[in-house]
Every structure is written in C-alpha cells, then in structure tokens.
Amino acid sequence: MARGLVDGYQRRVDYLRLSVTDRCNLRCTYCMPAGGFRFLPHEDILRYEELLRLVRITVRLGIRKVRVTGGEPLVRKGILLFLERLCAVPQVEDVSLTTNGVLLESMAGDLWAAGVRRLNVSLDTLDPEKFATITGVDAFHAVWRGLHAALDYGFSPVKINVVAMKGINDDEIENLAGLTLTYPFHVRFIELMPFRPDSYEERYVPSDVVVKKIARLGPLIPGSSGNGNGPARYYEFPGAPGKIGFISPMSRHFCSTCNRLRITAEGSLRTCLFADRDVDLRGPLRHGSSDEEISRVISRAIETKPEKHRLNEGSVPRRKCLARPMTTIGG
Ligand code: SAM
Ligand code: SF4
C-alpha cells in the first residue's frame with residue numbers, strides 16, 4: 001500500500017502532469033516566446049520507456065491520476081501506443097490528455113481505444129480568423145470537428161480551455177460560455193499567466209470580470225466538475241448540458257490545495273508550475289540509478305514543494321518564476 005506523497009504543507013500529491021514533447025503544431029501568442037525558441041534536441045527528450053518507468057515509480061509513491069500534455073502531445077510519434085501502455089499501468093486510475101485539438105478528429109477513435117476517456121481541448125475563440133491570429137495557424141475548423149468527434153466517441157467530460165484576453169477574445173466570453181447551453185462541454189476560462197510579460201498587463205482579465213459578463217446571460221448556479229477537486233470553480237445555467245469553470249491562478253490562486261507534480265519532456269521534475277528550479281530525473285534515469293534512488297529524489301523534491309507561487313510578489317520573483325516558456329513545462 002503506497003503511503004502517499006505528502007508535502008511540507010500537508011498537501012497530498014496524487015496527480016502527475018507529464019509533458020511528452022516541447023514541440024507544437026501551433027504558435028499561441030501567450031504560450032510561445034515572442035522571438036521563438038529552440039526546441040530540445042531529440043536525445044534530450046525522455047523516451048517513452050523512460051516516461052513509463054517514472055510513472056511506475058511515482059505510482060508506487062501515491063500518484064493516481066496522470067494528465068499527458070506538452071507542447072502538443074498528439075504530434076509526438078508513437079503517442080497512441082504510449083497512452084495505451086500508460087492506461088494499462090496498474091493503480092493509474094485516470095489518464096487524461098490536454099491537446100490543442102488540431103489532430104483530434106482523426107485521432108479520437110484511437111485515443112478512445114487506447115483507454116483515454118477525458119480530454120481538455122484548448123480553444124480561445126469561435127472566430128476562425130481570430131483563431132489564426134492567436135495561434136498562427138488556420139485550424140479553427142479542424143479543432144471544432146475534433147471537439148465534436150470527441151463528443152461522438154463518448155469522451156466525458158470534454159473540457160474546453162479558454163484563456164481570456166482583453167482586446168482579443170473578451171468580446172466572445174458570452175458566446176463561448178453559451179456553448180454549454182447546447183453541448184455538454186465544460187468551458188473553462190483561465191486567467192492569462194505572464195509567460196509573455198511584454199503583453200501581459202494589457203491583456204490580463206480577472207475571472208471576476210469574466211463571471212460578470214457571463215452572468216448577463218442568465219443566473220448561474222454553483223456546480224462541480226464531477227471528477228474530483230481541481231483548481232476550477234464550476235457553475236452552470238439551470239438545465240444546461242454543459243458547465244462553466246473558472247481557473248484563477250492570478251487573482252485567487254489555488255496553491256493551498258495543489259496536488260500536482262510535473263515532469264517536463266526532458267525529465268525535469270517541477271513541484272510547482274512556477275517553480276524557479278527543476279530537479280533533474282533524466283540524469284539518474286540514464287546513469288544507472290535504481291527505482292528506489294529515483295524515488296528518493298522525487299520524495300525529497302515533494303517535501304520542499306513551495307507553499308505558493310510568487311507571481312504576485314513583484315517583478316523579480318515573477319521573472320524567476322517564468323524563466324521557462326509554458327510550452328516547455330507542460331500546462
Ligand atoms: N498544446 C496543448 C494545448 O494547447 O492544450 C497542451 C499544452 S498547453 C501549454 C496547456 C494549456 O496551457 C493550454 O490550455 C493553454 O491554453 C494553457 N496556457 C498556455 N500559456 C498560457 C498562459 N500564458 N496563461 C494561461 N494559460 C496558458
Ligand atoms: Fe502549442 Fe498548446 Fe502552447 Fe498553443 S498553448 S502553442 S497549442 S503548447
């Protein structure tokens with residue numbers, strides 16, 4: 001019986017976010033650095049075998065849920081077989097995937113067959129032209145078809161992640177929330193995080209502003225995601241098939257209940273999305289450490305998981321927190 005991973009603030013850590021690649025087929029303005037960035041050399045990215053070994057080790061420590069992310073996980077060759085093997089790891093109770101949805105239409109059936117049942121799809125706009133402006137690629141219709149393919153196969157829930165941005169998509173908040181009146185999507189509005197400090201201040205929209213806009217559509221009643229406690233606060237319109245969530249890392253951080261651990265594509269362990277240091281697992285993996293030794297490295301890192309992020313504490317802590325772009329960490 002795993003004793004469970006408990007950090008220095010008595011938070012039980014049972015959720016692993018595993019980034020399988022830093023590559024992506026989109027170039028979202030809020031995620032990728034303005035000047036572009038250099039992808040990791042292939043040999044630095046963990047092989048699937050190495051990722052699975054880390055999953056087995058963390059499961060023995062108490063991890064029960066794994067979310068696969070990136071970069072864009074669906075662009076990595078062999079991802080379906082990897083997911084199938086991940087779903088088969090005993091004691092992994094839940095495998096989910098975060099994707100931009102561009103390849104979803106053609107892959108939804110195989111993802112289902114691999115054992116994945118829950119999907120998060122990022123979509124910030126319902127306007128195809130704006131989609132191309134935000135992401136650099138004309139792929140709105142592909143994502144939209146992918147979302148419907150996911151519903152048709154029975155994925156549940158299918159969550160839509162919307163990063164709310166002033167002057168970009170804040171005029172669409174009601175329309176995006178209105179999707180829940182027709183479809184069983186969980187539409188979740190995420191506060192912009194300052195990975196691109198150049199445009200952050202002018203783009204940031206607090207969740208309270210988003211809530212007020214949506215409340216104009218009708219009364220919202222508090223709801224739940226139906227799959228445990230995550231960082232989102234959920235609401236719904238009475239009788240609507242879908243739900244609306246708010247994720248507020250900036251205005252109302254949820255650090256006190258954070259149950260997450262992150263492993264980046266090159267095998268760095270991060271106990272906080274905004275940590276200013278990583279713990280290297282690739283070295284030990286590739287230089288003969290035993291599972292027990294790697295396990296000790298992970299446990300020691302969890303003990304020092306920060307109490308909370310420091311993004312709101314001024315520019316120096318913020319710069320340290322954001323030394324790496326989101327796409328390399330795995331959102
Ligand atoms: N490519 C996949 C996708 O877009 O869903 C998975 C990786 S992406 C880094 C994971 C999530 O991070 C997406 O929902 C994206 O919207 C979110 N994200 C990226 N940069 C962000 C930022 N600056 N603020 C808030 N969310 C961000
Ligand atoms: Fe790619 Fe996802 Fe980042 Fe957009 S948010 S650039 S889709 S990793």
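Whatever order the structure lists them in is the order used to number ligands and atoms, beginning at 1.
Counting heavy atoms from C-beta outward, Leu192 and Tyr200 have side chains that approach closer than 4.5 Å. Leu40 is listed as a side-chain neighbour of Arg23, based on a closest heavy-atom distance under 4.5 Å.
For Val121, no heavy-atom contact with ligand 1 is shorter than 4.0 Å. At a heavy-atom distance under 4.0 Å, atoms from both the backbone and the side chain of Cys28 approach ligand 2. Proximity of Thr69 to ligand 1, defined as any heavy-atom pair under 4.0 Å, is confined to the side chain (atoms from C-beta onward).
The ligand atoms of ligand 1 that sit less than 4.0 angstrom from a heavy atom of Glu72 are 1 (N), 2 (C). Every atom of ligand 1 with a heavy atom of Gly71 under 4.0 Å away is listed here by number and element: 1 (N), 2 (C), 6 (C), 7 (C). Interface of Thr99 with ligand 1, defined as ligand atoms under 4.0 Å from a residue heavy atom, comprises 2 (C), 3 (C), 5 (O).
Distances from atom 8 (S) of ligand 1 to the heavy atoms of Ser199, Gly70, Pro194 show the closest one on Gly70. Which of Met250, Arg203, Met193 comes nearest to atom 22 (C) of ligand 1 through a heavy atom is settled by distance: it is Met193.
An N or O contact shorter than 3.5 Å is missing between Cys31 and ligand 1 by distance. Residue-to-ligand polar distances place Tyr30 within reach of ligand 1: an N/O pair is separated by less than 3.5 Å.
Asn25 and Glu72 share no side-chain donor-acceptor pair at under 3.5 Å. Side chains of Thr98 and Arg67: a donor on one and an acceptor on the other come within 3.5 Å.
Within the 2.8 Å limit, Cys31 places at least one N, O or S atom next to atom 3 (Fe) of ligand 2.
The shortest separation from a heavy atom of Gly70 to ligand 2 is not under 4.0 Å, leaving the residue out of contact.
Under the 4.5 Å side-chain heavy-atom criterion for grouping Ile, Leu, Val, Met, Phe, Trp and Tyr, Val66 is not connected to Tyr15 through any hydrophobic cluster.
Using a cutoff of 4.0 Å between basic side-chain nitrogens and carboxylate oxygens, Asp291 and Arg60 are scored as salt-bridged.
With a 6.0 Å radius and a threshold of 12 heavy atoms from other residues, nucleotides or ligands, Glu129 has its CD atom at or below the threshold.
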